[in-house]
Amino acid sequence: MSDSSHHTGGYQYPEEPEPAGGYEPSASDPPDDPPRTTVEPVEEAGEPAGSPIAAERFRRTSPARRMVIPAQRSGGHWRLLSGTVGYVMVVGGMADYVDPQTRALGHLAFWALIALAMFVSVSRERRHGWDPAPRWPWLAGALGGAVAVEVLVLAVGSPAIIVGSLVVLGLALFVLMLVG
């Protein structure tokens, strides 16, 4: 039990109400005059007002400064890497269940998408006047993805690639949930 007069204990309320917010004006200070209003009476609707309306007083007289946001280069080749890993997962997982010609068409489509992404990257570099970035990651992604698919299909087979893909996707999802 507390000896403080502030905490009386029990479920009954204290006899005198406590001041709200911990502030109580002293009894010797007289209350101030009520605040005076600065609102002027409204003119009749039929008569036009000589002064501008409230919105006009706050209208900007000079145009806002327009700042151009410079385009910035993306950070690294994470899209290329994630696209290549996704390609290896999909094509490697379906390799035992489709014809080799279908897998070859998958390789060609992947190479075409890599070439298109490289073309977009090069055109952005030229448009914004950036220094050229190295081109070898695009070639490494295209050839490395196709070689990885074929080596994994020959070494472990599609069911193991599917299970490994699920494990890798689960780990990636775990890391993404940790980050943000």
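Just so it is clear, the values below take in all heavy atoms, side chains as well, and ignore hydrogens, waters and symmetry mates.
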Under 30°, 30 to 60°, or over 60°: which ring-plane class applies to Tyr87 and Phe110, parallel, tilted or perpendicular?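 The rings of Tyr87 and Phe110 lie parallel, inter-plane angle below 30°.
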Indicate the atoms forming the closest heavy-atom contact of [X] with [Y], along with that distance.
X      : Y      : result
Trp130 : Arg124 : CH2-NH2, 3.7 Å
Glu125 : Pro132 : OE1-CA, 3.5 Å
Ser158 : Gly92  : OG-O, 2.9 Å
Gly145 : Val88  : O-CG2, 3.6 Å
Ala95  : Val153 : CB-CG2, 3.3 Å

With no hydrogens and no angle check, is any side-chain donor or acceptor of [X] less than 3.5 Å from a backbone partner on [Y]?
X      : Y      : result
Trp111 : Ala142 : yes
Ser82  : Trp78  : yes
Arg73  : Asp131 : yes

Enclosure of Arg126 CZ (heavy-atom neighbours >12, cutoff 6.0 Å):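 No.
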[X] [atom1] to [Y] [atom2] distance, which is reported to the nearest 0.5 Å:
X      : Y      : atom1 : atom2 : answer
Ser165 : Leu152 : OG    : CG    : 8.5 Å
Leu173 : Leu166 : CG    : CG    : 12.0 Å
Leu80  : Leu113 : CG    : CG    : 11.5 Å

Evaluate the side-chain proximity of Ile161 to Met89: yes if any heavy-atom separation is below 4.5 Å, no if none is. no
Among residues at least two apart in sequence or on other chains, which ones pass salt bridge (charged side-chain N to carboxylate O under 4.0 Å, His left out) with Arg79? none
Run the side-chain contact (heavy atoms from CB on, under 4.5 Å) test on Asp99 and Thr102 for me, step by step, so that the C-alpha distance in whole Å, both residues' side-chain angles and the decisive distance to 0.1 Å come before the verdict. CA-CA 5 Å; Asp99 295 333; Thr102 306; 4.0 Å; yes
Are Val122 and Trp138 connected into the same hydrophobic cluster when the rule is that any two of I, L, V, M, F, W, Y join if their side-chain heavy atoms are below 4.5 Å apart?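 In one cluster with Trp138: Val122, yes.
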Any chain of hydrophobic side-chain contacts (each under 4.5 Å) joining Leu108 to Val90?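 No, Leu108 and Val90 fall in different hydrophobic clusters.
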Would His107 and Glu150 count as a side-chain contact (heavy atoms from CB on, under 4.5 Å) here? Give the steps. CA-CA 10 Å; His107 290 315; Glu150 297 302 326; 2.7 Å; yes
